Amino acid sequence: MSALELAAAVFLLAGAGFYLAGTLGLLRFPDALSRLHALTKADNVGLLLVCIGLALLAGSLRQAALLLLVWLLALLAATVSAHVIARRALADGAEVEVRDGGGP
Amino acid sequence: MRLGQRLVRGIVLYFALLLVWIVLDGTGDLVVGGAAAALGAWVGLLVAPSKPVRQRLLGALAFAGYFLVESFRGGIDVAWRAARRDLPIDPHLIRYRVSLPPGPARTLLAGALSLLPGTLTADSDDEGALLTIHAITPDPVNAVRALEARIAAWFILPREGAEQEGPT
């Protein structure tokens with residue numbers, strides 16, 4: 001195993017670890033809105049690490065750029081879908097404490 | 001928007017889209033890619049806001065670095081909270097009055113908030129001026145203000161917008 005392959009394996013495993021943590025949060029957090037935190041943030045970092053690991057093994061610059069594009073598009077999808085699901089959860093009457101936070 | 005500005009924006013958009021095509025498909029079908037990029041640039045100009053938003057290159061780079069670091073912090077933070085036996089989260093909502101003017105700066109704020117530690121954009125009014133933010137950490141307001149400041153350092157924002165009903 002070359003140093004590059006070793007580095008790629010480290011990134012891939014670290015990425016998988018974040019996916020695992022995100023799934024753990026999905027299972028353990030008490031309500032829909034909190035679960036979204038686990039999914040969006042942990043999976044975002046997990047995918048980035050997986051993409052870096054794969055980019056290290058990529059044969060060309062184009063493949064590496066493709067992985068970057070995959071990450072950016074997944075990022076966009078994650079934040080938009082989290083927003084839509086959160087809005088629906090609130091509209092459906094999710095019970096969350098509202099606190100004073102610098103707004104009316 | 002002046003004609004010259006539109007032309008420059010169209011050309012930038014065209015080459016950006018062409019680059020995405022090459023990344024996706026390689027250079028084998030550049031005729032199709034060039035046509036698709038031209039169509040995309042044309043539609044992009046049609047739907048673009050009439051007043052272009054000016055940006056600072058250094059601010060954009062600084063934001064990218066900040067976003068990357070904060071993404072990792074957000075991922076590590078939520079992973080740690082999910083793994084702890086006592087599940088240390090504090091879910092609540094705050095209403096946040098945005099100080100950024102309407103446009104891409106507000107869209108970016110609402111989007112990036114969900115990927116940064118502790119916060120999630122749960123709802124907003126039609127103009128994006130009042131955000132309903134879901135937080136799992138006790139004091140999210142300072143983090144939101146910091147993100148706003150980073151975005152304000154990227155976009156060159158109209159002065160009257162920056163002064164409207166800020167959170168402070």
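What you see is a predicted model, and the numbers here were worked out from it, not measured in a lab. In what follows, chains are A, B, ... by sequence order, proteins preceding strands, each numbered from 1.
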* Could you grab the distance from atom CG of A/Leu75 to atom OG of B/Ser114, nearest 0.5 Å is fine? => 10.5 Å

* To do: To the nearest 0.5 angstrom, please state how far the NE2 atom of B/His92 sits from the CZ atom of A/Arg99.
  => 4.5 Å

* From B/Leu68 CG over to A/Leu48 CG, what is the distance, rounded to the nearest 0.5 angstrom? -> 6.0 Å

* **Greater than 12 external heavy atoms within 6.0 Å of A/Leu61's CG** => no

* Are B/Leu17 and B/Val8 joined in one hydrophobic group, where the rule is that I, L, V, M, F, W and Y side chains link up if heavy atoms are under 4.5 Å apart? -> no

* Side-chain touch B/Val23/A/Leu68, heavy atoms, less than 4.5 angstrom -> no

* Which answer fits A/Asp31, side chain, backbone, both or neither, if we ask what part of it has an atom under 4.5 Å from a heavy atom of chain B? -> side chain

* Structure fact -> Nearest heavy-atom contact between B/Thr121 and A/His83 is O-ND1, 2.9 Å

* Between OG1 of A/Thr79 and CG of B/Leu115, what distance do you get to the nearest 0.5 Å? -> 4.5 Å

* **CH2 (B/Trp42) with more than 12 external heavy atoms under 6.0 Å** => no

* Can you name the nearest heavy-atom pair linking B/Ser71 to A/Val45, along with the distance? -> O-CG2, 3.1 Å

* Structure fact -> From the list B/Thr119, B/Ile133, B/Ile22, the residue making the most non-hydrogen contacts under 4.5 Å with chain A is B/Thr119

* Structure fact -> In terms of heavy-atom pairs under 4.5 Å with chain A, the winner among B/Val20, B/Val78, B/Ile76 is B/Val78

* Interface moiety of A/Leu49 toward chain B, non-hydrogen atoms closer than 4.5 Å -> side chain

* Asked: Side chain, backbone, both or neither: which part of B/Arg84 has a heavy atom under 4.5 Å from chain A?
  -> backbone

* To do: Treating Ile, Leu, Val, Met, Phe, Trp and Tyr as nodes and any side-chain heavy-atom pair under 4.5 angstrom as an edge, say whether B/Leu113 and B/Leu93 lie in one connected cluster.
  => no

* Take atom CZ in B/Arg73; do more than 12 heavy atoms of anything else shown fall under 6.0 Å from it? -> no

* Out of curiosity, A/Arg35 CZ to B/Leu120 CG, how far, rounded to the nearest 0.5 Å? -> 14.0 Å

* To do: Taking atom CZ of A/Phe11 as the centre, report whether more than 12 heavy atoms of other residues, nucleotides or ligands fall under 6.0 Å from it.
  => no

* Asked: Which heavy atom in A/Ala21 sits nearest to a heavy atom in B/Ala79, and how many Å separate them?
  -> CB-CB, 3.3 Å

* Once you round to the nearest 0.5 Å, how far does CD1 of B/Ile89 lie from CZ of A/Phe29? -> 4.5 Å

* **Crowding at CZ, A/Arg88 (>12 non-hydrogen neighbours, <6.0 Å)** => no

* Structure fact -> Assert top hit (heavy-atom pairs under 4.5 Å, partner chain B, pool A/Asp43, A/Thr23, A/Thr40, A/Val80) equals A/Thr40

* Any donor-acceptor pair under 3.5 Å from A/Lys41 side chain to B/Leu116 backbone -> yes

* **Top contributor to chain B contacts, counting heavy-atom pairs under 4.5 Å, from A/Leu76, A/Leu66, A/Val70** => A/Leu66

* Asked: Side chain, backbone, both or neither: which part of B/Asp25 has a heavy atom under 4.5 Å from chain A?
  -> backbone

* To do: Look at the side-chain heavy atoms of Ile, Leu, Val, Met, Phe, Trp and Tyr, link any pair under 4.5 Å apart, and say whether A/Phe18 and A/Leu54 land in one connected group.
  => yes

* Structure fact -> Max heavy-atom pairs within cutoff under 4.5 Å with chain A, candidates B/Leu24, B/Leu131, B/Thr132, goes to B/Leu24

* Taking A/Arg87 for the side chain and B/Asp123 for the main chain, is one N or O donor matched with an acceptor at less than 3.5 Å? -> no

* Structure fact -> Cut-off 4.5 Å, heavy atoms of chain B, and the answer for A/Leu90 is side chain

* Asked: Is there a chain of hydrophobic side chains (I, L, V, M, F, W, Y, each step under 4.5 Å between heavy atoms) that links B/Leu100 to B/Tyr96?
  -> yes

* So which part of A/Leu69 gets closer than 4.5 Å to some heavy atom of chain B, the side chain, the backbone, both or neither? -> side chain

* Can you get from A/Leu13 to A/Leu24 by hopping between Ile, Leu, Val, Met, Phe, Trp and Tyr side chains that sit under 4.5 Å apart? -> no

* Parallel, tilted or perpendicular, as decided by the 30° and 60° cut-offs, for the rings of B/His134 and A/His37 -> tilted

* **Interface residue of largest heavy-atom contact number with chain B, from A/Gly25, A/Ser34, A/Ala65, under 4.5 Å** => A/Ser34

* Where does B/Pro140 contact chain A at under 4.5 Å (heavy atoms): side chain, backbone, both or neither? -> neither

* Does the side-chain contact (heavy atoms from CB on, under 4.5 Å) test come out yes or no for B/Phe72 and A/Asn44, once each step is laid out? -> CA-CA 9 Å; B/Phe72 269 96; A/Asn44 157 29; over 6 Å; no

